[in-house]
Amino acid sequence: MTVAICEDDVDDERRLIDLVERSPVPARAALYSEANAFVEDFTPGIYDLILMDIFLGEDAAPSSEEPEGLRAIRRIRAVDPNVPVAFVTTSKDFALEAFRLDVARYIEKPVTQAQVDDVLSFALGMRDHLPGLRLRSEGHDVNVPISQIVYMEQSGHYVLIHLSSGRVVKVRGTLDEVSANLDEPQFVRCHKSFVANLNFVEDINESLMSLQMFGGDWVHVRKASMRDVRRAYEDWLFQMARLKG
């Protein structure tokens with residue numbers, strides 16, 4: 001699992017890292033100390049859990065303004081209604097807002113090992129029940145979370161599905177067959193052998209006719225489709241930026 005820890009107090013950050021590392025639920029942490037930086041970097045499907053300090057970047061919340069951490073999650077919810085979130089805070093004042101944002105846990109500092117273990121277990125269960133493709137892979141029925149598909153490629157008689165976790169699911173069949181149930185607008189057929197998730201495109205290289213994907217892999221684009229792929233990517237970026245506000 002990958003956990004985003006959004007905390008600007010050094011001691012609290014170290015404590016959260018330590019608790020996550022000590023948990024029996026295997027997880028790795030990505031660290032953020034600024035709310036805007038986290039929101040700008042956020043891509044649905046990368047994180048299995050967000051631990052958010054409500055007062056991120058603030059000493060105290062002005063009575064007339066919404067705290068930075070709360071505002072950040074409101075923006076995240078516009079693009080990802082499903083990622084589990086736990087508020088980590090020194091205040092009890094925002095429980096109603098947390099409920100409205102479908103926050104999984106409201107944890108008061110100092111955070112305990114039991115609280116971290118609990119929310120990691122919850123997030124793991126959520127991940128295993130995300131909307132997905134039910135497929136047969138190497139003799140087993142698997143559920144492949146749609147939001148975590150970075151790209152798919154045809155390799156001989158198999159389709160390789162690359163996930164944001166680094167896992168690759170191998171399915172016998174054709175790309176047409178496997179991608180038939182992907183009707184989400186972020187997926188584009190950019191080549192006869194590739195389907196890419198626009199959420200995970202990091203760069204477009206027209207000279208190489210390729211997309212650089214999250215994780216560093218390159219996905220081929222057929223020459224005739226490059227203009228349409230670039231337009232689709234730019235439209236997707238605009239839509240995500242507008243939703244994030």
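Listed by first and then second residue, the salt bridge (charged side-chain N to carboxylate O under 4.0 Å, His left out) pairs involving residues 149-161 amount to none (not counting sequence neighbours). Applying the ring-ring contact (aromatic ring centres under 6.0 Å, His included) test to residues at least two apart or on different chains, none of the pairs has a partner in residues 109-140. The ring-ring contact (aromatic ring centres under 6.0 Å, His included) contacts involving residues 145-181 comprise Y151-H162, where partners must be two or more places apart or lie in separate chains. Legend: side-chain hydrogen bond (donor to acceptor under 3.5 Å, both in side chains) pairs involving residues 178-191, not counting sequence neighbours, sorted by first then second residue: D176-R189.
Applying the side chain to side chain contact (heavy atoms under 4.5 Å, CB included) test between D53 and each of E13, E7, E68 identifies E7 as the sole match. With K109 as the fixed residue, the side chain to side chain donor-acceptor pair (under 3.5 Å) test singles out one of T89, D12, D9: D12.
F214 pairs by the ring pair (Phe, Tyr, Trp, His ring centres under 6.0 Å) definition with F200, not counting sequence neighbours. Q239 meets the side chain to side chain donor-acceptor pair (under 3.5 Å) test with no other residue; sequence neighbours excluded. Under the salt bridge (charged side-chain N to carboxylate O under 4.0 Å, His left out) criterion, E34 pairs with no residue, sequence neighbours left out. Every residue meeting the salt bridge (charged side-chain N to carboxylate O under 4.0 Å, His left out) condition with E234, not counting sequence neighbours, appears here in chain and number order: R230. Applying the side chain to side chain donor-acceptor pair (under 3.5 Å) test to S165 and every residue at least two apart in sequence or in another chain returns nothing. Scanning for side chain to side chain donor-acceptor pair (under 3.5 Å) contacts around R242 gives an empty result, with sequence neighbours left out. Residues meeting the side chain to side chain donor-acceptor pair (under 3.5 Å) test with S155, sequence neighbours left out: none.
Although no hydrogens or angles enter the test, the distance criterion places no donor-acceptor pair under 3.5 Å between the side chain of E138 and the main chain of V169. A donor-acceptor pair is defined here as one N or O able to donate and one able to accept, closer than 3.5 Å; such a pair exists between the side chain of R77 and the backbone of L101. E108 places no side-chain N or O within donor-acceptor distance of the main-chain N or O of T90, the cut-off being under 3.5 Å. Remark: side-chain polar atoms of S164 are paired, donor with acceptor, to backbone N or O of G45 under 3.5 angstrom. Side-chain N or O atoms of R75 include none that pairs as donor or acceptor with a backbone N or O of E40 at under 3.5 Å. A donor-acceptor contact shorter than 3.5 Å links the side chain of S137 to the backbone of K170.
The pair E97-R71 does not count as a salt bridge, with every side-chain nitrogen at least 4.0 angstrom from each carboxylate oxygen. Taking the charged nitrogens against the carboxylate oxygens, E66 and R74 do have a contact shorter than 4.0 Å, which makes a salt bridge. Classification of D141 and R134 as a salt-bridged pair fails, no side-chain N sitting under 4.0 Å from a carboxylate O. A salt bridge links D18 with R22: at least one charged nitrogen is closer than 4.0 Å to a carboxylate oxygen.
V219 and I204 end up in the same hydrophobic cluster when Ile, Leu, Val, Met, Phe, Trp and Tyr side chains are linked at under 4.5 Å. There is no path of hydrophobic side-chain contacts, each under 4.5 Å, that joins L163 to L160. V144 and F194 fall into different hydrophobic clusters, where Ile, Leu, Val, Met, Phe, Trp and Tyr are joined by side-chain heavy atoms under 4.5 Å apart, directly or via other members. Each of V201 and I146 belongs to its own hydrophobic cluster when Ile, Leu, Val, Met, Phe, Trp and Tyr are linked at side-chain heavy-atom distances under 4.5 angstrom. Note on F187: it does not cluster hydrophobically with V229, by side-chain heavy-atom contacts below 4.5 Å among ILVMFWY residues.
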Is there a side-chain hydrogen bond (donor to acceptor under 3.5 Å, both in side chains) between D117 and S23? Walk through the geometry before answering. CA-CA 6 Å; D117 292 349; S23 177; 2.9 Å; yes
Would W236 and N199 satisfy side-chain hydrogen bond (donor to acceptor under 3.5 Å, both in side chains), going step by step from the backbone distance to the final call? CA-CA 8 Å; W236 185 254; N199 266 329; 3.0 Å; yes
Working note: C6 + I50, criterion side chain to side chain contact (heavy atoms under 4.5 Å, CB included); need CA distance, chi angles, decisive distance, verdict. CA-CA 7 Å; C6 303; I50 300 170; 4.3 Å; yes
Would you check, one step at a time, whether the test side chain to side chain contact (heavy atoms under 4.5 Å, CB included) holds for V221 with S210? CA-CA 5 Å; V221 180; S210 298; 5.7 Å; no
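More than 12 non-hydrogen atoms from other residues, nucleotides or ligands lie less than 6.0 angstrom from CZ of R222.
For the residue pair M52 and A72, the shortest heavy atom distance occurs at CE-CB, 4.0 Å. Summarising the geometry of T112 relative to R15, their closest heavy-atom pair is CA-NH2, 4.3 Å, with the distance given to 0.1 Å. Smallest separation of non-hydrogen atoms from R127 and D48: CD-OD1, 3.1 Å. Across Q154 and L175, no two heavy atoms sit closer than the pair OE1-N, 2.6 Å.
Classified by interplanar angle (parallel below 30°, tilted 30° to 60°, perpendicular above 60°), the ring pair Y32/F38 is perpendicular.
With a 4.5 Å cut-off between side-chain heavy atoms of Ile, Leu, Val, Met, Phe, Trp and Tyr, the cluster of L31 takes in M1, V3, I5, L16, I17, L19, V20, V25, L49, L51, V88, I107, V111, V116, V119, L120, L124.
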